[in-house]
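Below is one structure, written out as structure tokens; the observations come after it.
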Amino acid sequence: MLTAVSAWQEALSAEIQARFGVALEPAQIPFTFPPKTELGDAATTVAFALAKPLRRPPAEIAGALAGTRLPGVSEIRTAGGYMNLFLDRGWAVERLLSRGFLPAGVEGKIIVEHTNINPNKAAHVGHLRNAVLGDTLVRCLRYLGRKVEVQNYIDDTGVQVADVVVGFQRILGWKLEDVRNLIALMADFSETSGSFLFLQELIDRWHEYWREENLHRFGLNGLIPGQACPTPFPPAYDFFHGAMGRFDSFCWGLYARVAPWYALSDENKQARLDTLHLMEAGDNDTAEMAALIAEEMVRCHLRTMDWLGIRYDVLPHESDILKTGFWASCFEKLKASGAVHQVPAGSEDKNRGCWVMALQESEEFKGMSDADKVIVRSNGTVTYIGKDMAYQLWKFGLLGRDFHYRPFPGAPYPIWRTDAGTAMESSPAGEGATAAACAPSKASAVLSKASAASSESVILASEARPESRAGKEGFRTSRNDGMGTGAAEAETAGSTGAAALAPPHFGAGAGVYNVIDVRQSYLQKIVKEGLRQMDHEKEAERSVHYAYEMVALSTKFVRSEMEKGAHFELSEEELAKPFVEMSGRKGLGFQADLLMDRMKDRALAEIESREPELAKTDRAQWEHRAEALATAALRFYMVKYNKNQVVAFDLEQALAFEGDTGPYLQYACVRAENILRKAAEQGLAVPDPADPAALAECAPHFDEEGWGLLSLFMRVPIQVKMAVDSLDLNIVARQLYDAAQAFHGYYHHFPVIQEPDPAKRAARLLTVALFARLLREGLGQLLGIPVPDRM
RNA sequence: GCGCUCGUAGCUCAGUUGGAUAGAGCGUUGGCCUCCGGAGCCAAAGGUCGUGGGUUCGAAUCCCGCCGAGCGCACCA
């Protein structure tokens, strides 16, 4: 089906050919929007483009073309060289509702990889930017009709996990069993955490636990010489180590203490290497502890992101890339294509003995002093970049191998993780490898249901709509409310045996987006170059690094925290800069869950000040609304900036609910729906936008301002396309914000229910109804922002 | 040294790919709730778009130079 804009382009192209004898590709005809809606619904500047070849002034050309008949266009008015289109309003509304302004869809599955947090500490605001941008991209691609698979890569074998293991074993002196107990205790806490309502209770239980049985057993006090922190763990709702009662947060604090501990002696440093070796060897307590920590950490991260409506389809694990022989296959291909060569061991080259990829031939890397990139070290081990190339090949279905898969246990929704296949035989879980992997959990039940429903079309977890994904408690679900999957699925869990589960066919995408911050641009370029050198030019072209700038902490904010007693190793020079980079290793950052707690607390207070009764009568509703507000505030904050803008995180700015914020957009929607509700209560008929008769009746009575408001939504599909093409997703946020702002102005100036003229009133009710529907849809589908019924 | 990015109102940022009078939010000042919830609306003040050249009907946007800032350029991930 021809979309509106392309139909206009073709008609104009034909007209230009006929009238001026100039051949202009339809796609070359530029369509934009007038700066003010009263100037028109859409505009083209094609007359300017024709001025030069025709040697005639733009205004004259525009005038000559103004009579062109375009589908759905009732009039073309010229203003200088501009040609402003006024649409037939009934036609336009119909198109708005049927997505008639969407560009034509494209076939082929797109793989989006995002989040990718090292599973050794809590997520911080920088990870949130990654996840929100990644998820928003996914939503935009789906809106445009693409099929999307979402991957969250888990590096469960690296030094970061090893460091936390060292922290537990060597600094705290804990055994595998102690970590297991801690996780069990924390999991219990996690069910209720996330609100100040429960905070004191948590802190009390926490202190009781440590005081009564564990504090002196583990000898936790004053453990690390040379550390400024007087106690190993903060006593209360401490700012930077905060979010008490959460395992990921506990590890955040612990991890920050490992680097100083390494600095104490060479012996300590050796612990990292020893740990890495044990992890690699497997079949020992250290390796098991690492796996335990990584898995629980991923669970924490999944929950954090799920609260924001961010989901994944599959969790590729680095350990499985290694165990499944991905690298061996990739290495063969690299060697066979001549993309890598070995530097002779006897040479003077600093890379002697390594397998390197030569980059000097490539335009992208010219001017580099050292144009060779080491892929395999002289000791025969593969670098990160090599593993990433293998992963990238798999994403495009070029590797000739696949993972095995199993449900990821204990996730807040059904999700698959990779598996090495044979590794399960030696799994310590013991009770028969296959049965353990496919145990009848809620997750596997839902997954088997999904695959039973259709062996061809697979329901991906990340495709679930906000409306259906959240239980009745709303977005922020915890473990005890049905895992957010709804009651129906949960009921079937018990009756489903260890049925043969068929995971969807992961990987083999037609295009790939890697959402990774800009600091990795160089490495991502090399991965792309690797594809090219392996003669996969087409895939290299379709391999997109979505690079965005980092989130740092504004020094203003850091200073204010230090004045409140927070402790950081920062020089005066660093504090003189506008912002400081976050560092998990230093414990310098702001944890995601803590930010969300703060937002929720702020929202709870705001709601209570407006509706004091609610807090007393319906706490669940109170919290539900607060969570929706927090999600909106956070997601909008993360997406409203240009991707090239360093976000200097400032708590006060992030916590704002007024002005250019998520709640402002929700408020517009809530007010609109409230007007409709009030109208219905008073017995007024609200015209149904989908009813052609009602539409025909109302269309002549739209006020110009109301129409201008609705016409903003015609821009959305085009803006989304533009946002995806440029990866500047703030365009989408901005567009919906503009619409919300226009509505606030509109209803202040135009009474709806009070309007005495029935025809005008009906048209205004229709305007409000359309606005509410389009904004709610846009916020949910594009930005992942839920709208509560009331605020 | 080489490469990438940024510099727009007091502050934080937009600016629809070169187009219409450079716009929002915060903050400041002054108005607006017996009337669809004030998380809102209206108005005022606030700009040499870092700077100097160039390209053309037209430049915040493209090109070149300079000034200032950030990030990359490992046998780390």
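In the text below, chain A, chain B and the rest are named by the order of the sequence lines, each starting its count at 1.
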For the [atom1] atoms, the ones on [N] and on [M], what distance do you get once it is rounded to whole angstrom?
{"N": "C42(B)", "M": "C33(B)", "atom1": "P", "answer": "15 Å"}
{"N": "G47(B)", "M": "G15(B)", "atom1": "P", "answer": "22 Å"}
{"N": "G10(B)", "M": "U29(B)", "atom1": "C1'", "answer": "14 Å"}
{"N": "U61(B)", "M": "G18(B)", "atom1": "P", "answer": "11 Å"}
{"N": "U12(B)", "M": "U8(B)", "atom1": "C1'", "answer": "12 Å"}
{"N": "U28(B)", "M": "G23(B)", "atom1": "P", "answer": "24 Å"}
{"N": "A9(B)", "M": "G1(B)", "atom1": "C1'", "answer": "38 Å"}
{"N": "A14(B)", "M": "G50(B)", "atom1": "P", "answer": "14 Å"}

_Bracket string, RNA chain B, 5' to 3' - pairs by Watson-Crick or G-U geometry under 3.5 Å, | interstrand_ = (((((((..((((.....[...)))).(((((.......))))).....(((((..]....))))))))))))....

*salt_bridge(Glu581(A), Arg519(A)) N-O dist < 4.0 Å*: yes

_Cationic N near anionic O, under 4.0 Å, Asp703(A) to Lys760(A)_ = no

*Gly158(A) or Leu39(A): which one's nearest nucleotide on RNA chain B is closer to the 5' end?*
Leu39(A)

*Does the C75(B) base have a donor-acceptor partner in the side chain of Ser378(A) within less than 3.5 Å?*
yes

*Does Asn84(A) get its side chain close enough to the base of A20(B), under 3.5 Å, for a donor-acceptor pair?*
yes

Rounded to the Å, how far apart are [X] [atom1] and [N] [atom2]?
{"X": "Lys36(A)", "N": "U21(B)", "atom1": "NZ", "atom2": "P", "result": "10 Å"}
{"X": "Glu549(A)", "N": "G7(B)", "atom1": "CD", "atom2": "P", "result": "12 Å"}
{"X": "Phe48(A)", "N": "A20(B)", "atom1": "CZ", "atom2": "P", "result": "9 Å"}
{"X": "Lys52(A)", "N": "G58(B)", "atom1": "NZ", "atom2": "P", "result": "10 Å"}
{"X": "Met550(A)", "N": "A69(B)", "atom1": "CE", "atom2": "P", "result": "15 Å"}

*asked:* Can you build the contact string for nucleotides 8-16 of chain B? Use B for base contact, S for sugar-phosphate-only contact, and - for no protein heavy atom under 4.0 Å.
replied: ----SSSSB

*asked:* Does the protein touch nucleotides 39-44 of chain B at the base, only the backbone, or not at all? Give it as B, S and - per nucleotide, heavy atoms under 4.0 Å.
replied: BBSS--

*Listed nucleotide nearest any side-chain atom of Asn674(A), set C36(B), U5(B), G25(B)*: C36(B)

*Syn or anti for C33(B), taking syn as within 90° of 0?*
syn

